[in-house]
Amino acid sequence: MRVFVLTGAGISAESGLKTFRDNDGLWENHRVEDVATPEAFARNPALVQRFYNLRRGALADVAPNPAHVALARLQQALTACGGALTLVTQNVDNLHERGGAADVIHMHGELARVFCVACGFHWDAQCDLTPQSQCPACQTKGGPRPDIVWFGEMPYHMDKIEAALARADLFVSIGTSGAVYPAAGFVQAARERGIQTIELNMEPSHGSLYFDTAHYGPAGTVVPIWVADLMTAIKLDA
Ligand code: OAD
């Protein structure tokens, strides 16, 4: 069986990371336009770098919750019997990896990564960034920026994502409001291909009518139950 899972901020909420749309449109007390757009970075690079330094630093204070761990266990079990679980996340945290998942596709980038606007080099963040930070590849000062897909920018890995979706037997959306495209459109693409669709979320998402099945509640509870039920149904060893 090939399972395609899309996750959003809701899966990390019980780990202590705030979602985007549950806080009056503010992300950690900032308007998205002030910290998550290329224009904001051009206007005030120090503010934007500081914002992402804080988000990156906060990762050390949180841990994966049972939803991250259950997905990783399902991925391992499916892989062991010749199946697959493609894990695509809109999240920029690293909790899927820390929960044991492999090959996580971060379509909106990663807090733990940096890239250089001058030469395009990508690398693992070793320390906080400032407007004076220098690119290790081309030495440009001020070149490094958070490796985050900001509003108005193209999400990463779309070819790989579309190929995995086309091969999937089951599409599962977890902890996302379905407000931001292209991720919000994956469920319709899955349906058009006749792929079964399941939503696991705190509440019905914007695209809830496109799902064949839904389980509403906190991800830390509903995801492990769904994983256990699926593993029993397809006779996978835990
Ligand atoms: P949102 O904040 O839009 O939605 C989070 C969803 O998670 C909501 O539907 C909540 O009801 C649900 N939720 C909250 N707590 C939950 C819990 N404990 N268990 C399960 N569900 C829970 O976040 P995303 O859909 O991820 O993009 O947002 C998508 C994109 O918009 C983000 O990746 C980001 C943002 O702007 C970029 O930065 C480009």
Side-chain angles (χ1 to χ4, degrees), residues 5-41 48 51-52 54-56 58-59 62-71 87-96 99 104-113 115 145-158 161 171-188 197-211 213-227:
V5 174
L6 170 71
T7 66
I11 196 166
S12 297
E14 288 154 87
S15 293
L17 295 176
K18 292 213 166 69
T19 61
F20 296 91
R21 290 175 182 77
D22 294 329
N23 300 288
D24 300 326
L26 296 180
W27 184 18
E28 297 287 352
N29 299 321
H30 288 269
R31 294 186 321 147
V32 160
E33 309 86 71
D34 293 336
V35 290
T37 63
E39 293 77 18
F41 185 57
V48 174
F51 178 79
Y52 287 97
L54 288 171
R55 305 280 76 72
R56 193 182 309 111
L59 293 181
V62 298
N65 67 54
H68 298 104
V69 174
L71 282 184
L87 184 47
V88 177
T89 187
Q90 298 165 88
N91 299 344
V92 295
D93 66 53
N94 55 8
L95 293 178
H96 282 306
V104 182
I105 300 175
H106 284 271
M107 62 181 295
H108 290 167
E110 295 175 70
L111 282 169
R113 302 273 292 167
F115 93 91
R145 61 161 263 191
D147 199 354
I148 304 288
V149 176
W150 286 327
F151 282 90
E153 296 182 328
M154 186 65 87
Y156 290 155
H157 314 300
M158 287 308 294
I161 290 170
F171 172 83
V172 190
S173 174
I174 304 175
T176 176
S177 62
V180 174
Y181 283 81
F186 293 171
V187 61
Q188 292 168 62
T197 56
I198 301 180
E199 169 157 81
L200 307 176
N201 202 35
M202 191 65 98
E203 60 195 4
S205 66
H206 291 280
S208 59
L209 77 164
Y210 297 112
F211 290 92
T213 319
H215 301 282
Y216 297 118
T221 304
V222 297
V223 174
I225 292 172
W226 170 75
V227 166

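All figures in this text were calculated on a predicted structure; none of them were measured in a lab. Indexing begins at 1, ligand by ligand and atom by atom, following the structure's order.
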Checking side chain to side chain contact (heavy atoms under 4.5 Å, CB included) against L87, which of L6, T7, I174, I105 comes through? T7
Flag, side chain of S15 to backbone of A63, donor-acceptor distance under 3.5 Å: yes
Under 3.5 Å, is there a donor-acceptor pair between the side chain of N94 and the main chain of E110? no
Collect the protein residues that have a non-hydrogen atom under 4.0 Å from ligand 1 and hand them over in chain and number order. G8, A9, G10, A13, E14, T19, F20, R21, D22, Q90, H108, V149, F151, G175, T176, S177, V180, N201, M202, E203, G217, P218, A219
Examine R55 relative to F51 and say whether NZ or CZ is less than 6.0 Å from the centre of the six-membered ring and inside a 45° cone about the ring axis. yes
Fit a plane to each ring of H96 and H68, take the angle between them on a 0 to 90° scale, and name the class: parallel (under 30°), tilted (30 to 60°) or perpendicular (over 60°). perpendicular
Salt bridge (charged side-chain N to carboxylate O under 4.0 Å, His left out) contacts touching residues 5-15 (sequence neighbours left out): none
